[in-house]
Amino acid sequence: MKNIHSNINKAKKYLENNNVIAIPTETVYGLAANAYSSNAVKKIFNLKKRPKSNPLIVHYSNLSGLRKDCLLNNTFFKLYKKFCPGPITFVLKLKKNSKISKYVTNNSQTLAIRFPKQKILKNLLNLLNYPLAAPSANISTRLSAVRASDVKEEFGKKINYILDGGKSKVGIESTIISLTKSPKILRLGGLEVSKIEKVLKKKIKIDINPSKKVAPGQSKLHYSPGIPIRMKVTKPKKNEAYILLKKRRIYSPHYYYLTQNNNLKEAAKNLYSCLRKIKNKKYKSIAIEKISNIGLGKSINDRLSRASKY
Ligand code: TXA
Ligand code: MG
């Protein structure tokens, strides 16, 4: 416990000096900086090799912080009550007098925000008088990080400090919903769309592949381990890593399980670490058995199909 406190204080010091640090969240690790400081936010884009046109998500610990920056509506409050803190990101209208750096939003009048659930991060946010802008802690288009060691692998010494919070519990990025007009899903993620529809009592438009990109998580190549991925495979090739969701009777050193009993929550949690492990073992290609296209299975399939555009 003592260690955690001193780590949180260290993280705070780095942030106060306009540095970028890595933070744990329940979805994936993030690269965080003071969202009110252009100086700090610019460093995120450089580190991540991210185009400046791709806006960042801002992380808050409470509503009163958010009220300073965004206009809130009824739909927001309904979803907030049910799902926050948790793996959902809202795109809202930015207030005119908000202090959010224009680099966070790429000068747009909307802001993506979320309330992370990870305890250590919540403790850190509670100590700050500014919210944290944070994209996923990986080089653009590459695999996201779900452990402190993954972040180290991505950035090496380029990152000043990694706040270690153990393995991310959800394991895939947040679901993004835009509430600036009628609700619209912009990215499938850690919260099932059906759960959101149940609260709003209506079907919600899903717009994850628009002709004009709004969220670059929508872009074709993303989440990639850098080797080809084949989906819905029943028979892997020789020496190909084979990712499975149901236990097989036969043993093979090339079999990798996301879950052994088709538990999609467990599969999501293990997705990025499994792909990273396979990549590090220098396989030339990855085969994955068919994943049911329901609930979190949809979010997993969406990521795999973008990753397979390699
Ligand atoms: O789970 C998550 O959301 C993680 C953790 C670290 O919070 N963050 C994350 O950030 O996935 P990132 O930057 O990898 O993905 C954020 C996505 C991008 O696709 C970006 O284009 C979109 O959110 N986005 C950000 N601001 C937006 C806005 N104002 N309107 C539409 N999309 C936006
Ligand atoms: Mg990302």
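Please read these numbers as outputs of a predicted model, since none were measured by experiment. Just follow the structure's listing: the first ligand is 1, and inside any ligand the first atom is 1. Quick note: numbers below take in every heavy atom, side chains included, and nothing from hydrogens, waters or symmetry partners.
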Heteroatom distance test (R50, ligand 1): nitrogen or oxygen, under 3.5 angstrom: yes
Under 4.0 Å to a heavy atom of G30 - the qualifying atoms of ligand 1, by number: 6 (C)
Atoms of protein origin (N, O or S) under 2.8 Å from the Mg ion (ligand 2): S136 OG
Any side-chain donor near an acceptor of the partner, Y242 and Y257, under 3.5 Å: no
Contact (N/O only, under 3.5 Å) between E173 and ligand 1: no
Single hit among V58, T25, I88, L66 for side-chain contact (heavy atoms from CB on, under 4.5 Å) with R114: T25
Location of contacts on N54 toward ligand 1, heavy atoms closer than 4.0 Å: side chain
Stepwise ring pair (Phe, Tyr, Trp, His ring centres under 6.0 Å) test for Y80 and F115: CA-CA 9 Å; Y80 171 84; F115 294 90; 5.1 Å; yes
Subset of ligand 1 atoms that lie under 4.0 Å from at least one heavy atom of V28: 4 (C), 6 (C)
Proximity of I23 to ligand 1 by residue part, where a heavy atom lies under 4.0 Å: neither
S174 N/O to ligand 1 N/O under 3.5 Å: yes
Structural part of L186 in contact with ligand 1, heavy atom criterion under 4.0 angstrom: side chain
Check: K48 N/O within less than 3.5 Å of ligand 1 N/O: no
Side-chain hydrophobic cluster, 4.5 Å single linkage: members besides L71: none
Pairwise distance CZ(F45) to OH(Y103) - rounded to 0.5 angstrom: 10.0 Å
Whether Y223 and Y272 hold their rings parallel, tilted or perpendicular, with breakpoints at 30° and 60°: tilted
N/O donor-acceptor pair under 3.5 Å between K269 side chain and S168 backbone: no
Contact partition for H222 relative to ligand 1, non-hydrogen atoms under 4.0 Å: neither
Student check: side-chain heavy atoms of N18 and K43 closer than 4.5 Å: yes
Ligand 1 to S136 polar contact by distance, N or O atoms, under 3.5 Å: yes
